[in-house]
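Before any comments, here is the structure.
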Protein chains: 2
Amino acid sequence: MAKFKLDEVDHQILDMLIDNTRIPFTDIAKKLLISAGTVHVRVKKMEEAGIIKGSSLTLDYKKLGYSFIAYIGVFLQNTSQTKFVLERIESIPYVTVAHITTGKFNIFCKIRAKNTMHAKEIIFKIDDIEGVYRTETMISLEESINDKKRLMHTIFNEL
Amino acid sequence: MAKFKLDEVDHQILDMLIDNTRIPFTDIAKKLLISAGTVHVRVKKMEEAGIIKGSSLTLDYKKLGYSFIAYIGVFLQNTSQTKFVLERIESIPYVTVAHITTGKFNIFCKIRAKNTMHAKEIIFKIDDIEGVYRTETMISLEESINDKKRLMHTIFNEL
DNA sequence: GGTGAAACTTCTAATAA
DNA sequence: TTATTAGAAGTTTCACC
């Protein structure tokens, strides 16, 4: 995948949008001493180039009753079943990410559940998929999410 | 953490905002046959209640030259060092999430890197942290992220 | 590329129901 | 709680640098 050229102004715009997507373009323009029209054009270009894939709300899942996070490593009977099993795992709504991995596991996924009981159900569902040999669960006792901004700054300082 | 009461209108609003945070409130209002003022009030309430924690851009990290994802399981010499090591791991900008976990590993994290070489550097950095006994790496060959919308719908259907 | 202004759209808070 | 309203604010386009 090719890199896309972003200049300092683009960086600054992304920097302001990344943790508040609804910040007015006029505010961005004021801070960067450019016109709102320019901000608009820049954002549009980054969207068209696919750098900005979209925007999303950050919800508090704990407040919605979902405070349980676990990672499940999946061992397959046979690697030829990878695609098949992956599709079935993806179809479970409580699975937030799934990966095909090298190393110990064939497939690796993250789940978000209400509680231990609920997690058990989800894990059993994965265990029951045809081709799954066994699974290994790691329960998250504490999650710390790194600011996207920091990675972004690091990336920009390298480009 | 307590659950927060959301009614059907709140659900619909979140549903429209979750994959496009910049959709005009007037559009939401039209679709839900309510006024834009009501949308405004509802969103504000959900923000105040902390259900909506914020909004963020979804960037294409591949296009920014970061196409390597791996999970690192960390074994500690002693669990009393957990906090100390976790803090050091979090301070690495390429670490996107870190967890304290039950099961095989003491700490578990996800990294985003440019390539294999770069990942090696990051892993060595983790290995070098005082208190880390050894690490185990799982390289992601393919990542599939589940739509937030689907989990949200599932949650709402239960409430 | 960028700007500034015009035309249009949306936001937001106060008021009323 | 919700709707209406109206002025303030933001977005988007475009002729011109």
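The sequence lines fix the lettering, A, B, ..., with proteins before strands; numbering per chain opens at 1. This one's a predicted model, so the numbers in the text were calculated from it and none came from an experiment.
Atom CD of B:Glu8 is separated from atom P of D:dT1 by 17 Å (rounded to the nearest Å). When rounded to the nearest whole Å, the span between CD1 of B:Ile28 and P of D:dA3 equals 14 Å. Summarising the geometry, the separation between NZ on A:Lys44 and P on D:dT12 is reported as 8 Å, rounded to the nearest angstrom.
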Can you check nucleotides 4-10 of chain D for protein contacts, nitrogen or oxygen pairs under 3.5 Å, and list what you find?
unit_1	atom_1	unit_2	atom_2	d
D:dG10	OP2	A:Thr26	OG1	3.4

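Seen from the ring of B:Tyr94, B:Arg112 does not count as a face-on cation partner, given the 6.0 Å and 45° thresholds.
Using modelled atom types and a 3.5 Å distance limit, the side chains of B:His99 and A:Tyr71 yield a donor-acceptor pair. In this model, no donor atom of one side chain and acceptor atom of the other lie less than 3.5 Å apart for B:Gln81 and B:Tyr133. Of the N and O atoms on the side chains of B:Thr21 and B:Ser55, not one donor lies less than 3.5 Å from an acceptor on the other residue. Looking only at atom types and distance, the side chain of B:Thr79 has no donor-acceptor partner in the side chain of B:Thr82 under 3.5 Å away. A:Thr135 and A:Asp127 share a donor-acceptor pair across their side chains, judged by distance under 3.5 Å alone.
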Checklist entry - A:Arg134 and A:Glu136: salt bridge (Lys or Arg N to Asp or Glu O under 4.0 Å), yes or no, with the steps? => result CA-CA 7 Å; A:Arg134 69 183 190 83; A:Glu136 213 173 284; 3.6 Å; yes
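Each end of the helix from C:dG1-D:dC17 to C:dA17-D:dT1 gets its own axis from five base pairs, and the two axes differ in direction by 20°, given to 10 degrees.
A 6.0 Å sphere centred on NZ of B:Lys125 holds no more than 12 heavy atoms belonging to other residues, nucleotides or ligands. Atom CZ of A:Phe84 is surrounded by more than 12 heavy atoms from other residues, nucleotides or ligands within 6.0 Å.
Chain B approaches DNA chain C over the interval C:dT10 to C:dA13, counting the first and last nucleotide 5' to 3' with an atom under 4.0 Å from its heavy atoms.
Between A:His40 and D:dT12 there is a side-chain N or O to OP1 or OP2 distance below 4.0 Å.
Of all heavy-atom pairs between B:Ala29 and B:Ala36, the closest is CB-N, 3.5 Å.
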